[in-house]
Amino acid sequence: MAKKYYVTTPIYYPNDIPHIGHAYTTIAADVIARWQKLQGKEVFFLTGTDDHGKKIAQAAEKAKLSPKEFTDQLIPKFKDAWKKLNIQYDRFIRTTDPDHEKIVQEILQKVFDNGDIYKGEYEGLYCTGCEAYYTEKDLEDGCCPIHKTKIEKLKEETYFFKLSKYQKPLLDLYKKNPTFISPKHRKQEIINRVKEGLKDLSVSRAGFDWGVPLPFDKDHVSYVWFDALFNYYSATREKSKQKFWPADVHLIGKDILWFHTVYWPAFLLSAGIDIPKTVFAHGWWTFNNEKISKSRGKVINVDELIAIAGVDSARYFLLREASFGEDGDFSEDALIERHNNELANKLGNLVSRTSALAEKYGITKTDKKLLKKLKLKEIEKNLEEFRTDKALNEIFAFIDVCNEYIQDKKPWETKDKKVLNELVEAIREIARLLSPFIPESAEKISEIFKSDNIKKAPILFQKVEDK
RNA sequence: AGCGGGAUGGAGCAGUCAGGUCAGCUCGUGAGGCCCAUAACCUCAAGGUCGGUAGUUCAAAUCUACCUCCCGCUACCA
């Protein structure tokens, strides 16, 4: 049986418009999924939305819809965006899916029976206007940042998860499984914070019903993280999917690293479920070196992203520009520069000149010497470690080698069919390696060089001129 | 305040974990080559005391200590 590979994105909050941040994580997951398929593995790629929570309930009320109707309306925005970006996910899970709700309840019951969930009182700073708790640092002069009203201390009955009990097991886990928190430089941050001690975590809310009811107390619904995190697991409970657990990688943004590397394994340990192999946190995008902020209109949504130079160029840019795990800066100019230079001039032109020469002079079989200069092992290693930028670097370094080769061998002069064949074989491999990143263009290239009867290629990447 | 990250030619970055093969890549600038190709491609050149100081070492961008400046995180927020 083929080896399996399971990759996830976070489940997104459906009230958002899909923007560059969502797109980045999802494209990265798609590239990894496609790459693993290329390695012959059986792949399961999960994405979805987190439909529960008070904010959604309130927004729905405003729109005079039930929360379910409200979220139903929002989901297509995400599905459309992923379709436009050529994302081949295997399942789009929603936290309102019945199979998910059922699993969450089973696990809540199990953890409750273990004694890891107990009833207690949560005391916090509560704003009645927002109907939400705030932490000390959110406040402005002791007032709610939105309503500017005095905030009050409130006690509420709630169920707690014994997170404190898992401090030691978590630290052991990090030690035993060094790649669980990736990239490496984020690990120490989490370890230090866990060492400082863990407080028990409130896992239920009373007073509204838009969530998964606690099986042992129907007046409470599960607090959002308990519900949301388990999506990764519940998607693997149907029979044909069970083999995929534990997940090979959860791709996430660095903002939710804490939840995925502390809460999530603690819940799983308590429920006696295997821990995923890796949680990989990537960085943030800035826009023209400024923080992306919705309020200032500095958001790039998916349509804008695609409009600049096409889907493949957008995919290519995002995975090439940012050192994976680090922050990256997005700008239209930078995207266009990479599109024109790397995709059009280097790759596109190589395909163009090679196909034109091959059409004119033909090719004959050779022993693929040029291909030996491709650092395939490096590329494979980088992709196993989610370093897409480095993998692309290596692939494009090889494209440079091909351009040098053609320059050096002057096949337009020598009409050497062997030289041309070396190039054709090289390009076939380049197309294969690039197919996870730029699926449409890679497919076109493969098509051009499919048989040995090659015709001159049309322009693959039309250059984008200055605006 | 604590914890974590960063500072590398004009711009943007890689290299730091495993010290020497390292000062690399892209853009920009200057000169040349080629004429197959998307005015693309190839070659060469100019440009950096690798944030600062001290140390370890035969050898430091890389390790250690201290300092300066930036950025992020500090938990019930999706």
Side-chain angles (χ1 to χ4, degrees), chain A residues 10-16 49-56 95 122 124 132-138 158 160-161 163 183-205 223-229 253-259 262-263 283-284 286 289 291 320-323 325-329 331 333-334 337-338 340-361 387 389-390 393 396-397 400 402-415 420 423 456-463:
Chain A
I11 48 174
Y12 304 113
Y13 193 60
N15 214 9
D16 279 346
T49 53
D50 179 12
D51 295 2
H52 286 139
K54 200 164 214 168
K55 279 187 191 159
I56 288 284
T95 47
Y122 180 74
Y133 286 98
Y134 284 97
T135 54
E136 208 75 53
K137 72 179 169 86
D138 296 326
T158 170
F160 282 92
F161 174 76
L163 188 63
K184 220 182 290 174
H185 63 266
R186 303 239 179 259
K187 190 163 81 174
Q188 205 53 42
E189 204 171 315
I190 297 290
I191 290 177
N192 288 339
R193 277 175 62 192
V194 170
K195 277 184 181 161
E196 285 167 18
L198 293 169
K199 282 192 283 187
D200 287 350
L201 178 73
S202 160
V203 291
S204 78
R205 288 288 185 273
Y223 170 64
V224 54
W225 280 109
F226 204 99
D227 171 12
L229 285 164
K254 63 183 183 183
D255 53 327
I256 51 176
L257 186 63
W258 176 256
F259 306 105
V262 179
Y263 294 1
W284 286 118
T286 52
N289 286 315
K291 232 177 165 173
R320 174 69 186 73
E321 178 73 10
S323 201
E326 303 295 327
D327 290 352
D329 182 54
S331 75
D333 289 347
E337 189 181 301
R338 285 201 186 273
N340 285 350
N341 257 296
E342 290 158 22
L343 293 175
N345 289 350
K346 291 195 185 291
L347 174 60
N349 187 43
L350 175 67
V351 166
S352 182
R353 65 201 303 209
T354 304
S355 61
L357 288 165
E359 178 176 27
K360 248 187 243 174
Y361 305 123
R387 311 192 67 163
D389 57 315
K390 288 203 190 310
N393 244 344
F396 275 76
D400 285 344
C402 292
N403 272 320
E404 286 163 31
Y405 182 79
I406 201 167
Q407 199 66 32
D408 184 45
K409 298 288 181 188
K410 300 186 181 7
W412 57 88
E413 221 173 87
T414 63
K415 303 177 187 173
L420 290 173
L423 287 162
K456 184 179 182 324
I459 288 192
L460 282 172
F461 301 96
Q462 195 69 54
K463 273 190 256 189

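A note on names: the letters A, B, ... follow the listed sequences, proteins ahead of strands, and every chain is numbered from 1.
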In whole angstroms, how far is the P atom of B/rG2 from the NZ atom of A/Lys195? 18 Å
Between B/rC13 (C1') and A/Phe396 (CZ): distance, integer Å: 17 Å
Out of curiosity, A/Lys346 NZ to A/Phe396 CZ, how far, rounded to the nearest 0.5 Å? 9.5 Å
Heavy-atom contacts, protein to nucleotides 3-8 of chain B, under 4.0 Å, summarised as B (base), S (sugar-phosphate only) or - (none) per nt, yield SSS---
Where the side chain of A/Ser204 meets the backbone of A/Thr158, is there a donor-acceptor pair that is under 3.5 Å apart? no
When rounded to whole Å, the CD to P distance for the pair A/Gln462 and B/rA40 reads 13 Å
Distance, P atom - from B/rC66 to B/rG5, rounded to whole angstrom: 14 Å
Taking the C1' atom of each, how far is B/rG47 from B/rA11, in whole Å? 13 Å
From the options B/rG15, B/rU38, B/rA78, select the nucleotide whose nearest atom is closest to the side chain of A/Phe461. B/rU38
So A/Asp51, base contact, sugar-phosphate only, or nothing? Heavy-atom distance under 4.0 Å. nothing
OP1, OP2 of B/rG15 versus side-chain N and O of A/Lys390: anything below 4.0 Å? yes
Can you see which heavy atom on A/Phe259 is nearest to which on A/Leu229, and at what distance? O-CD1, 3.8 Å
Atom-pair distance (CG on A/Asp389; P on B/rC13), nearest Å: 13 Å
Could you tell me whether a side-chain N or O of A/Asp50 sits under 3.5 Å from a main-chain N or O of A/Tyr12, the two making a donor and an acceptor? no
Per-nt protein contacts along nucleotides 25-37 of chain B (heavy atom under 4.0 Å; B base, S backbone sugar-phosphate only, - none) come out as --S-----BSSBB
Pairwise P distance for B/rA31 and B/rA23, with rounding to whole Å: 29 Å
So with a 6.0 Å cut-off around NZ of A/Lys456, is the heavy-atom count from everything else above 12? yes
The Watson-Crick or G-U wobble partner of B/rC73, with both key distances under 3.5 Å, is B/rG2
Within the structure shown, what part of the strands sits under 4.0 Å from A/Ala344 by heavy-atom distance: base, sugar-phosphate, or nothing? base
Looking only at side-chain N and O atoms, does A/Asp333 offer a donor or acceptor that is under 3.5 Å from a partner on A/Ser331? no
From CZ of A/Phe161 over to C1' of B/rA75, roughly how many Å is that when rounded to an integer? 15 Å
In whole Å, I'd like the distance from the CD1 atom of A/Ile256 to the C1' atom of B/rC77. 11 Å
Name the residue closer to the 5' end of RNA chain B, choosing between A/Val262 and A/Asn403 according to the nucleotide with the nearest heavy atom. A/Asn403
Taking a pair to mean Watson-Crick or G-U wobble geometry with both distances below 3.5 Å, B/rC13 pairs with B/rG24
Distance check needed: B/rC76 C1' versus A/His52 NE2, whole Å only. 18 Å
B/rA59 - base-pair partner by Watson-Crick or wobble geometry, distances under 3.5 Å: none
Sugar-phosphate only, base, or nothing, as touched by A/Leu460 at under 4.0 Å among non-hydrogen atoms: base
Between A/Ser355 (side chain) and A/Val351 (backbone), is there a donor-acceptor pair under 3.5 Å? yes
Atom pair distance, as rounded to whole Å: CG in A/Leu163 and C1' in B/rA75: 9 Å
Same-atom distance (P) from B/rU8 to B/rU53, integer angstrom: 16 Å
Do any side-chain nitrogens or oxygens of A/Lys254 fall under 4.0 Å of OP1 or OP2 in B/rC73? no
Given that both distances must come in under 3.5 Å, which nucleotide forms a Watson-Crick or G-U wobble pair with B/rC66? B/rG52
Rounded distance in Å between the C1' positions of B/rU29 and B/rC17: 37 Å
Atom pair CG/CG of A/Asp400 and A/Leu350 - distance to nearest 0.5 Å: 9.5 Å
B/rC76, B/rU38, B/rA78: which one has an atom nearest the side-chain heavy atoms of A/Arg205? B/rC76
Report which part of the nucleic acid A/Tyr12 touches: base, sugar-phosphate, or nothing (heavy-atom distance under 4.0 Å, all strands). nothing
Spacing of A/Ile11 atom CD1 and A/His52 atom NE2 [to the nearest 0.5 Å]: 9.5 Å
With rounding to the nearest 0.5 Å, note down the distance linking CD in A/Gln407 to CZ in A/Arg353. 5.5 Å
Select base, sugar-phosphate, or nothing to describe what A/Leu198 touches, counting heavy atoms under 4.0 Å on all strands. base
Students often get this wrong, so: under 4.0 angstrom with heavy atoms, is A/Gly197 touching a base, only sugar-phosphate, or nothing? base
Parallel, tilted or perpendicular: rings of A/Trp225 and A/Tyr263 (30°, 60°): perpendicular
For nucleotides B/rA65 and B/rC70, find the distance between their P atoms and express it as a whole number of Å. 23 Å
Going from CG on A/Leu420 to CD on A/Glu359, what distance comes out if it is rounded to the nearest 0.5 angstrom? 12.0 Å
When the P atoms of B/rC36 and B/rG51 are compared, how many Å lie between them, rounded to an integer? 47 Å
Using the C1' atom in both, what is the distance from B/rG30 to B/rA46, to the nearest Å? 7 Å
Using Watson-Crick geometry (N1-N3 plus N6-O4 or O6-N4) or G-U wobble (N1-O2, O6-N3), each under 3.5 Å, B/rG47 is paired with none
